[in-house]
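As structure tokens, the structure follows; a few thoughts come after it.
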Amino acid sequence: MTNEQQESLFQQKIDNELRIEPKDWMPEQYRKTLVRQISQHAHSEIVGMLPEGNWITRAPSLRRKAVLLAKVQDEAGHGLYLYSAAETLGISRDQMLDQLHDGTAKYSSIFNYPTLTWADMGAIGWLVDGAAIMNQVPLCRCSYGPYSRAMIRVCKEESFHQRQGYEIMLTLANGTAIQKKMAQDALNRFWWPAIMMFGPNDDASPNSIQSMKWKIKRFSNDDLRQKFIDVTVEQANILGLTIPDKDLKWNEERGHYDFGTINWDEFWNVVKGNGPCNKERLAARKNAWDNGAWVRDAATAHSEKRDAKKAAISA
Ligand code: BYC
């Protein structure tokens, strides 16, 4: 079969909503796009543990601490499913981590902002996990089988994360004047970075057209951003908090909220490594990798010993 015939069969499969599995033929660019997206997604989960991990020892009650601990552990699990999904495309976990550590692989811009107060745990759960759900539910129908299946469990857990964040915000918003102020301040700081999570506008998104044709992405960056804003404004109203956007206004004709201009200079600056916490986040990950060397060595030695024992028995 010629390359064109293979490509045409591949596209037909996608158009017919069939999943592509690891051993199926796929264009090299499809494989590369998936490795890029899935590994960056995995890195985001793992780096995303850091801002919240910062508050585990300072959670205001045992219940809050247990819930936050469980949430952060869930993020580690998401990272592991996603690294495994990416490995089915022929890249090793070590290679992916090298790319994170040397700065060639990205991770979500949102995790380069600091978590200054307890209310930030509420804002992250509500807004960051809320944005993640909006982006990731369609990924459950991604054309690549292992990624789409990993996303089903991830989304179930993200939905609990969003609710726990919203519940923190609700408690603070109905608490003392100082608590309500803290919740408002967290919303002020996390609103725009959460909106930026969806990526550049469609006309500045080099990967979108091809990724949508391959059904890796089901909706464009701008469509998902708009959906997120439309549902989140109503949630802010229930909290009695104000979204920090003076241009936010219901547009009857469009059936959507209009919103202000995103600061793309800030976005690209953070993506390029110059956000408030980029250096700190990367240093923490490299440190964890270096400090974990003895665990990896011990696991390798143990597995070699077990293999040698098995070989000796069967000899
Ligand atoms: N931050 O052509 P585009 C979580 C990059 S984890 C940094 O639109 P694409 C959570 C993009 O990579 C949340 N970089 O790209 C965890 C591309 O650069 P490269 C993570 C960004 O891939 C713990 C360039 O800009 N979610 O929720 O078609 C606790 C041009 O963009 C960002 C995922 O990873 C950004 N925000 O679309 C709590 C979901 N946006 O790679 C919560 C899976 C764009 O060409 N990923 N860039 O060098 C996706 O859905 C897509 O990759 C994106 C971007 C929508 C993010």
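Order of listing sets the numbers, starting from 1, for every ligand and every atom in it. Predicted model, so just to flag it, every value in this text is computed and none were measured.
For atom 1 (N) of ligand 1, the closest non-hydrogen atom of the protein is Ser109 N, 2.9 Å. Ranking protein heavy atoms by distance to atom 18 (O) of ligand 1, first place goes to Lys106 NZ, 3.3 Å. The protein non-hydrogen atom at the shortest distance from atom 10 (C) of ligand 1 is Phe111 CZ, 3.4 Å. Protein heavy atom closest to atom 39 (C) of ligand 1, with residue, atom name and distance, is Asn135 OD1, 3.1 Å. For atom 17 (C) of ligand 1, the nearest non-hydrogen atom of the protein is Asn207 ND2, 3.8 Å. The protein heavy-atom contact nearest to atom 49 (C) of ligand 1 is Gln37 NE2, 3.6 Å. Considering only non-hydrogen protein atoms, atom 27 (O) of ligand 1 sits nearest to Ala132 CB, 3.0 Å. Counting only heavy atoms of the protein, atom 40 (N) of ligand 1 lies nearest to Gly199 CA, 3.2 Å.
Ligand-side atoms of ligand 1 in range of Gln40: 12 (O), 41 (O), range being under 4.0 angstrom from any heavy atom. Of all atoms in ligand 1, numbered sequentially from 1 with element shown, those under 4.0 Å from a heavy atom of Tyr147 are 43 (C). Atoms of ligand 1 found under 4.0 Å from any heavy atom of Met196 (numbered from 1 in listed order, with element): 36 (N). Atoms of ligand 1 found under 4.0 Å from any heavy atom of Met197 (numbered from 1 in listed order, with element): 36 (N). Atoms of ligand 1 found under 4.0 Å from any heavy atom of Ser205, numbered from 1 in the order shown, are 2 (O), 3 (P), 8 (O). Close contacts of ligand 1 with Tyr107, meaning ligand atoms under 4.0 Å from a residue heavy atom, involve 1 (N), 7 (C). Every atom of ligand 1 with a heavy atom of Asp129 under 4.0 Å away is listed here by number and element: 38 (C), 42 (C). Each of the atoms 26 (N), 27 (O) of ligand 1 lies under 4.0 Å from some heavy atom of Gln136.
Of the possible donor and acceptor atoms, none in the side chain of Asn201 sits under 3.5 Å from a partner among the backbone N and O of Asp203.
Counting heavy atoms under 4.0 Å from ligand 1, residue Arg36 touches it through the side chain alone. By the criterion of a heavy-atom distance under 4.0 Å, both the backbone and the side chain of Pro206 are placed next to ligand 1. Proximity of His78 to ligand 1, defined as any heavy-atom pair under 4.0 Å, is not found for any part of the residue. Only the side chain of Trp268 comes within 4.0 Å of ligand 1, counting heavy atoms alone; its backbone N, CA, C and O stay farther away. Contacts between Phe267 and ligand 1, counted as non-hydrogen atom pairs separated by less than 4.0 Å, involve the side chain only. Contacts with ligand 1 closer than 4.0 Å are made by side-chain heavy atoms of Asn221 only, the backbone lying farther away. Contacts between Ala131 and ligand 1, counted as non-hydrogen atom pairs separated by less than 4.0 Å, are absent for every part of the residue. Counting heavy atoms closer than 4.0 Å to ligand 1, residue Lys217 contributes side-chain atoms (C-beta onward) but none from N, CA, C or O. Neither the backbone nor the side chain of Ile124 has a heavy atom within less than 4.0 Å of ligand 1.
Note: Met121 CE to Gln164 CD = 9.0 Å, rounded to the nearest 0.5 Å. Between the CG atom in Leu172 and the OG1 atom in Thr117 there is a gap of 8.0 Å [rounded to 0.5 Å]. Rounded to the nearest 0.5 Å, atoms CH2 (Trp118) and CG (Leu68) are 5.0 Å apart. Interatomic distance, CG of Asn221 versus CE of Met212, reported as 9.0 Å (0.5 Å rounding).
Under a hydrophobic clustering in which Ile, Leu, Val, Met, Phe, Trp and Tyr are joined whenever their side-chain heavy atoms come within less than 4.5 Å, directly or via other members, Val233 and Met197 fall into the same cluster. When hydrophobic clusters are built by joining Ile, Leu, Val, Met, Phe, Trp and Tyr residues whose side-chain heavy atoms come closer than 4.5 Å, directly or via intermediates, Leu139 is not grouped with Leu80. With hydrophobic clusters built from ILVMFWY side chains whose heavy atoms lie under 4.5 angstrom apart, Trp55 shares a cluster with Leu170. By the criterion of side-chain heavy atoms lying less than 4.5 angstrom apart, applied directly or through intervening Ile, Leu, Val, Met, Phe, Trp or Tyr residues, Val231 is grouped together with Phe198 in one hydrophobic cluster.
Note on Asp185 versus Arg189: salt bridge recorded, some NZ/NE/NH1/NH2 to OD/OE distance being below 4.0 Å. Between Arg149 and Glu21 a salt bridge is recorded (basic side-chain N to carboxylate O distance below 4.0 Å). Ion pairing between Glu167 and Arg163 fails under the 4.0 Å rule for side-chain N and carboxylate O.
There is a protein heavy atom less than 4.0 angstrom from atom 20 (C) of ligand 1.
Looking at Asp15 and Gln11, their side chains do bring a donor and an acceptor atom within 3.5 Å of each other. Counted by atom type alone, Gln226 and Asp222 present zero donor-acceptor pairs between their side chains at under 3.5 Å.
Residue contacts with ligand 1: Pro200 is included, with a non-hydrogen atom under 4.0 Å away.
Tyr83 pairs in a side-chain hydrogen bond (donor to acceptor under 3.5 Å, both in side chains) with only one of the listed residues (Glu45, His41, His43, Arg93), which is His43.
The closest heavy-atom contact to atom 23 (C) of ligand 1, among the options Arg218, Met134, Glu75, comes from Glu75.
Counting heavy atoms from C-beta outward, Trp289 and Arg296 have side chains that approach closer than 4.5 Å.
Annotation: Leu139 places no N or O atom under 3.5 Å from an N or O atom of ligand 1; distance criterion only.
Across Asn278 and Val270, no two heavy atoms sit closer than the pair ND2-O, 2.9 Å.
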